[in-house]
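Bear in mind the structure is a predicted one, so any value in this text is a computation, not a measurement.
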Amino acid sequence: MGTQSEDQDAAAERGPDGGEQTARARTPGPGRAGAAEDFTSGRDAPPAMPKLGLRGTALFLWRQLTSMQTALVLLMLLAIAAVPGSLYPQRNVNPGETEAYLAENGKLAEILDTLGLFDVYSSPWFSAIYLLLFISLIGCVIPRALVHLRHLRAAPPRTPAKLGRFVGHTRVQLPGVDADELVERARADLRGRRYRTVVQEEKRARSVSSERGYLRETGNLIFHIALLGVLIGVAGGHLTQYRGQITVVEGEGFSNSLTQYDSFDPGPWFDASHLPEFRFTLDEFRAEYSTSTNEHQFGQPTLFEADMTVTTPDTGTAEQTVRVNQPLEVPGASLYLLGNGYAPEITLRDAEGAVVAEGPLITIPMGDMGYTSQLVLKAPDAQPEQMAVVGFFLPTGEIDESGPHSQFPALIDPQLALTVYTGDLGLDAGVPQNAYQIDVSSLEPVTGEDGSPVLIRLYPGQEYALEDGSTLSFDGVRRYAAFDIKHDPFQKFTLVMALSAAGGLILSLFVPRRRVWVRVRPDADGAILEVAGLARSEDPRLDEDVRELAARLAAPAPPAPTSRSRKS
């Protein structure tokens, strides 16, 4: 991939005649195999294709795989293959959302799952493209690096016989000028401008051949090598990283162990017994929202902060604040603030007066501006029947003809709008269920005297008693924060490689590659000066620079400093 090969130097490397004919017409002789005439068409039959054999076929496939075109196609295919990863939920990122998508979309979701669209980055087809691109880049980079090293060690190419064909060609006759002195001036001038130079002896002249801009090809190689490094870093990170999600309510804590994760996705080579030791307590979560009169800004979050007390074996206990895009860094893990919500404190007693549910209950925001949140409470230990409470938590509650909803995300008028169900919750079968969802189609709603389901509306500090003697109380509200804990040992390496790739790309785009020649031919009156250049890439200033060089060399040489001026 990249710019033209350094071996392509036709204009500068050919001889004085400008090239040679290499193609010759060939006619098959009489009796030659494969030259039988086709009497129906009056034309010779086409020659049979040569058989490549196993070695030839393998070499052909290798050259195709390591070509620039193939690498570009594979890079494009990799980008296209990554698109489903952003369109469909991924199991390693959000397993709950993935399972919900599967449940909602039936047969279509099953087909997509069979194709691996919910595990895109670990699917066989994505891995195959990734591996082929990796091999293709290696096959592109190594030969070019060897060629580039050989050119760096070689002297600049010989001066072409006819400079009139090249950019900025200037020919000046300089009477009274010493040819050898002019050659040395040209060499010193070019070396002062960071050209590699060599003086060449010709039949009746001397010339200076110079070139610069090898940083362009160096930058191109750095880009491709760094791109390989990015691929290695991404693959290594996928194999050795781990990632997990947790939800913590204010006043509660977390200790880094597998049992406390809501979901945990380790890399294939990660050993879960090597989880780093740390723990923290969520002291307070703060959120602020805009009260602007602008309808597009009203209710928009302006601040999310989580105050935490963190304990690690190396640093001991310290208080830290985690913000969006400002993660908590501990040895072996980074903790990112992923989301937040409300956890109303609810106490549920069954008909026998036993407490069957108590404490803060995590609710799931439904995505509206006011943070209307869905609430599900399951009480499998309730007697005489299992109970479930389903409804909404409203930070700033309003119940009207459109149903329960919140008008503002802050806790201005918190309310609960609930319905109670009884029946078999299906938890005794041992099949895992989503704690935040429930199917009420098989349950019976608790009804009032008129036979309609009881709709309960509670404010903080209130209690509601059902006809069967069970009670439901709203004791208060806490905030919770959702965190994403991640560790990728290749993350810094991948970042360095990405920055190196950007730097190499800048060099390959903005450093011009050029060659400049100066020929000095002595004559009876002095010397004849010829200057020309060749751009190996886009170089709009080459013509001007060549003419300026000719003007500097044609100008009278500065006088040598005297001993007095040297002393002063």
Closest approach of Val172 to Ala554 (non-hydrogen atoms, all atoms of both residues): CG1-CB, 4.4 Å

Determine the interplanar angle of the Phe126 and Tyr121 rings, folded into 0 to 90°, and report it as parallel if under 30°, tilted if 30 to 60°, perpendicular if over 60°. perpendicular

Quiz item: cation-pi between Arg279 and Phe254, 6.0 Å / 45°: no

Is any side-chain N of the basic residue among Arg478 and Glu250 closer than 4.0 Å to the acidic one's carboxylate O? no

Please tell me if the side chains of Pro327 and Tyr336 come closer than 4.5 Å, counting only heavy atoms from C-beta onward. yes

Is it the case that more than 12 heavy atoms not belonging to Glu548 sit under 6.0 Å from its CD atom? yes

Do Asp113 and Arg91 sit within salt-bridge range, that is, some charged N less than 4.0 Å from a carboxylate O? yes

Are any side-chain N or O atoms of Glu284 and backbone N or O atoms of Ala306, one a donor and one an acceptor, separated by less than 3.5 Å? no

Please report the shortest heavy-atom distance between Leu117 and Gln90, naming the atom on each side. O-NE2, 3.0 Å

Under 30°, 30 to 60°, or over 60°: which ring-plane class applies to Phe483 and Phe280, parallel, tilted or perpendicular? perpendicular

Looking at Asp484 and Leu338, would you say the former's side chain and the latter's main chain have a donor-acceptor pair under 3.5 Å? no

More than 12 non-hydrogen atoms from neighbouring residues, nucleotides or ligands closer than 6.0 Å to CZ on Arg323, yes or no? yes

Parallel, tilted or perpendicular: which fits the ring planes of Tyr88 and Phe118, with parallel below 30° and perpendicular above 60°? perpendicular

Taking Arg514 for its side chain and Ser537 for its backbone only, find out whether a donor-acceptor pair lies under 3.5 Å. no

Just by distance, do the side chain of Arg519 and the backbone of Ala532 share a donor-acceptor pair under 3.5 Å? no

Is the ring pair Phe490/Phe493 parallel, tilted or perpendicular, if the boundaries are 30 and 60 degrees? perpendicular

Any chance you could lay out the side-chain hydrogen bond (donor to acceptor under 3.5 Å, both in side chains) test for Gln300 and Ser290, step after step, and finish with the verdict? CA-CA 5 Å; Gln300 295 298 317; Ser290 173; over 6 Å; no

Once the angle between the rings of Phe166 and Trp517 is folded into 0 to 90°, is it parallel (under 30°), tilted (30 to 60°) or perpendicular (over 60°)? tilted

Are Ser136 and Thr66 close enough, and set up right, to give a side-chain hydrogen bond (donor to acceptor under 3.5 Å, both in side chains), and what steps lead you there? CA-CA 4 Å; Ser136 180; Thr66 58; over 6 Å; no

Between Glu211 and Arg536, does at least one N-O distance fall below 4.0 Å, as a salt bridge requires? no

Backbone of Ser508 reached by a side-chain donor or acceptor of Arg216 within 3.5 Å: yes

Donor-acceptor pair, distance only, cut-off 3.5 Å: does the side chain of Thr281 make one with the backbone of Asp283? no

Should Glu288 and Arg286 count as an ion pair when the cut-off is N to O under 4.0 Å? no

Between Tyr480 and Pro365, the two heavy atoms sitting closest are OH-CD, 3.6 Å

Might you point out which heavy atoms bring Gln200 and Thr159 nearest each other, and give the distance in Å? OE1-N, 2.9 Å

Any ion pair linking Arg513 and Asp539 (charged N to carboxylate O, less than 4.0 Å)? no

So that I can tick it off, tell me whether Glu202 and Arg521 are bridged by a salt bridge, with the cut-off set at under 4.0 angstrom between side-chain N and carboxylate O. no

Can a donor-acceptor pair be found, under 3.5 Å and without considering hydrogens, that links the side chain of Trp125 to the backbone of Leu115? yes

Given Ile485, Leu335, Thr321, the one that forms side chain to side chain contact (heavy atoms under 4.5 Å, CB included) with Leu328: Leu335

Can you tell me how far apart OG1 (Thr494) and CD1 (Ile232) are? Round to the nearest 0.5 Å. 9.5 Å

Can Thr218 and His148 be counted as having a side-chain donor-acceptor contact under 3.5 angstrom? yes

Please say which of Arg187, Arg185, Arg193 ends up in a salt bridge (charged side-chain N to carboxylate O under 4.0 Å, His left out) with Asp189. Arg193

Might you confirm whether atom CZ of Arg552 has over 12 heavy atoms from other residues, nucleotides or ligands at distances under 6.0 Å? yes

With a 6.0 Å cut-off (strictly less than), is the heavy-atom count around CD of Glu538, excluding the residue itself, greater than 12? no

Quick one: closest heavy-atom pair of Arg158 and Ser209, and the distance? C-OG, 4.5 Å

Please lay out, stage by stage, how Ser257 and Ser255 fare under the test side-chain hydrogen bond (donor to acceptor under 3.5 Å, both in side chains). CA-CA 6 Å; Ser257 64; Ser255 180; 5.0 Å; no

Is Glu544 salt-bridged to Arg541, cutoff N-O under 4.0 Å? yes

Measure up the Tyr342 and Tyr371 rings against each other and bin them: parallel (under 30°), tilted (30 to 60°), perpendicular (over 60°). perpendicular

